[in-house]
Amino acid sequence: MRKIEHIGIAVADLEKSNELFARLLGKAPFKTEKVDSEGVETSFFQVGETKVELLQATRPDSPIAKYLDKKNEGVHHIAFDVEDIQAEVHRLKAAGFEILNETPKLGADNKLVVFLHPRSTNGVLVELCQEAG
Ligand SMILES: CC[C@@H](C(=O)O)C(=O)SCCNC(=O)CCNC(=O)[C@H](O)C(C)(C)COP(=O)(O)OP(=O)(O)OC[C@H]1O[C@@H](n2cnc3c(N)ncnc32)[C@H](O)[C@@H]1OP(=O)(O)O
Ligand SMILES: [Co+2]
């Protein structure tokens with residue numbers, strides 16, 4: 001794991017949260033992107049070497065909609081940048097972590113992504129990211 005690639009924040013209203021985070025960080029998001037496979041619309045703010053990813057649900061069965069049904073807006077996941085995502089999946093599986101998708105899927109910002117179940121990571125949803133190339 002090389003660095004924190006992004007921190008994912010679940011929000012109810014992306015437009016309002018974009019304004020709030022733009023005021024907080026003193027800059028506009030550098031991109032917005034819909035990821036239909038996850039049922040989310042995202043926006044990204046660059047903060048030094050890492051990013052803040054805001055996520056709004058686009059449909060009721062999205063993980064973000066389900067999360068906000070139970071919890072408040074706030075930190076939803078931490079994403080780590082990895083050099084070889086398949087090697088990390090094998091390493092983490094052997095170390096006893098619960099991998100949610102062993103086959104990496106295409107996420108936002110041209111990244112291949114894998115998630116670890118929060119029940120195996122002290123209650124924190126962990127995402128692994130590798131540049132898709
Ligand atoms: C934009 C693409 C991508 C990127 O490129 O960056 C993204 O970031 S997409 C982000 C959205 N996608 C995901 O989150 C995919 C992975 N998540 C999942 O597969 C599911 O959300 C889950 C983690 C398996 C939970 O789903 P499910 O079991 O159906 O939900 P429950 O509501 O029943 O929760 C079970 C259990 O897990 C706790 N939980 C759920 N989400 C989180 C979370 N984000 N952080 C911490 N804990 C979480 C939930 O509270 C339940 O706990 P208990 O009540 O104690 O059982
Ligand atoms: Co993410």
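Atoms within a ligand are numbered from 1 in the order they appear, just like the ligands themselves. None of these values were measured; they are calculated from a predicted model.
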Is_contact(atom 40 (C) of ligand 1), protein non-hydrogen, under 4.0 Å: no

Criterion side chain to side chain donor-acceptor pair (under 3.5 Å) on His77 and Glu53, from CA distance to verdict: CA-CA 10 Å; His77 62 268; Glu53 175 188 55; 3.0 Å; yes

Polar proximity ligand 1 side, Glu127 side, N/O cut 3.5 Å exclusive: yes

The Co ion (ligand 2) to Glu127: nearest N/O/S atom name: OE1

Joint hydrophobic cluster, Ile7 plus Leu24, side-chain heavy atoms closer than 4.5 Å: yes

Asp109 and ligand 1 - part of the residue with a heavy-atom distance under 4.0 Å: neither

Test side chain to side chain contact (heavy atoms under 4.5 Å, CB included) applied to Leu54 and Asn18, step by step: CA-CA 8 Å; Leu54 304 183; Asn18 276 339; 3.6 Å; yes

Nearest non-hydrogen partners of Gly133 and Asn110, listed with the distance: O-ND2, 3.4 Å

Considering all heavy atoms, the nearest Leu116-Leu125 contact: O-CD1, 3.2 Å

Nearest protein heavy atom under 4.0 Å from atom 11 (C) of ligand 1, yes or no: yes

His6 near the Co ion (ligand 2): N/O/S under 2.8 Å: yes

Flag for His117-Glu98: side-chain donor and acceptor within less than 3.5 Å: no

Heavy atom of protein closer than 4.0 angstrom to atom 23 (C) of ligand 1: yes

Verify atom 33 (O) of ligand 1: protein non-hydrogen atom under 4.0 angstrom away: yes

Nearest heavy-atom neighbours spanning Pro60 and Ala65: O-CB, 3.4 Å

Ligand-side contact atoms (ligand 1) for residue partner Val35, heavy atom cut-off under 4.0 Å: 1 (C)

His77 backbone or side-chain N/O/S under 2.8 Å from the Co ion (ligand 2): yes

Arg91 and Glu88: CA distance, side-chain angles, deciding distance, salt bridge (Lys or Arg N to Asp or Glu O under 4.0 Å) verdict: CA-CA 5 Å; Arg91 183 182 75 79; Glu88 280 300 300; 2.9 Å; yes

Test log, rule side chain to side chain contact (heavy atoms under 4.5 Å, CB included), inputs Leu128 and Phe115: CA-CA 6 Å; Leu128 310 177; Phe115 286 91; over 6 Å; no

Among His6, Arg119, Glu38, Glu33, closest by any non-hydrogen atom to atom 13 (C) of ligand 1: Glu38

Tyr67 versus Ala10, closest heavy-atom pair with distance: CD2-CB, 3.9 Å

Is_contact(atom 48 (C) of ligand 1), protein non-hydrogen, under 4.0 Å: yes

Contact check, Gly123 vs ligand 1, heavy-atom distance below 4.0 Å: yes

Which segment of Pro118 sits under 4.0 Å of ligand 1 when only heavy atoms are counted: side chain

Of all N/O/S atoms in Glu53, the name of the one nearest the Co ion (ligand 2): OE1

From the candidates Phe115, Tyr67, Phe44, the one that places a heavy atom nearest atom 7 (C) of ligand 1: Phe115

Selected option - heavy-atom contact closest to atom 50 (O) of ligand 1, from Lys71, Lys70, His76: Lys71

Top protein contact for atom 17 (N) of ligand 1, by heavy-atom distance: Leu125 CD2, 4.1 Å

Any protein heavy atom < 4.0 Å from atom 54 (O) of ligand 1: no

Top protein contact for atom 25 (C) of ligand 1, by heavy-atom distance: His117 NE2, 4.7 Å

Protein contact of atom 27 (P) of ligand 1 - nearest heavy atom, named by residue and atom, plus distance: Lys66 NZ, 4.0 Å

Side-chain touch Lys51/Phe30, heavy atoms, less than 4.5 angstrom: yes

Pair Phe44-Val52, side chain to side chain contact (heavy atoms under 4.5 Å, CB included): steps then yes or no: CA-CA 6 Å; Phe44 283 91; Val52 168; over 6 Å; no

Heavy-atom pair with the smallest gap, counting every atom of Ile64 and Val11: CG2-O, 4.5 Å

Ligand 1 contact by Lys111, heavy-atom criterion under 4.0 angstrom: no

Subset of ligand 1 atoms that lie under 4.0 Å from at least one heavy atom of Glu53: 1 (C), 4 (C), 5 (O), 6 (O), 8 (O)

Side chain to side chain contact (heavy atoms under 4.5 Å, CB included) between Ile78 and Val124, worked out: CA-CA 7 Å; Ile78 299 179; Val124 177; 4.2 Å; yes

Distance filter under 4.0 Å to Val40 heavy atoms, resulting ligand 1 atoms: 1 (C)

Glu127 and His6 side chains, donor-acceptor separation under 3.5 Å: yes

For atom 18 (C) of ligand 1, the option (of Leu116, Val124, Leu100, Asn110) bearing the nearest heavy atom: Leu100

Heavy-atom nearest neighbour in the protein, as seen from atom 5 (O) of ligand 1, with distance rounded to 0.1 Å: Ala108 N, 2.8 Å

Over 12 non-hydrogen atoms of neighbours within 6.0 angstrom of CG in Asp61: yes

Closest protein heavy atom to atom 21 (O) of ligand 1, given as residue, atom name and distance to 0.1 Å: Pro63 CB, 3.6 Å

Residue Thr42 vicinity, atoms of ligand 1 by number, heavy atom under 4.0 Å: 1 (C)

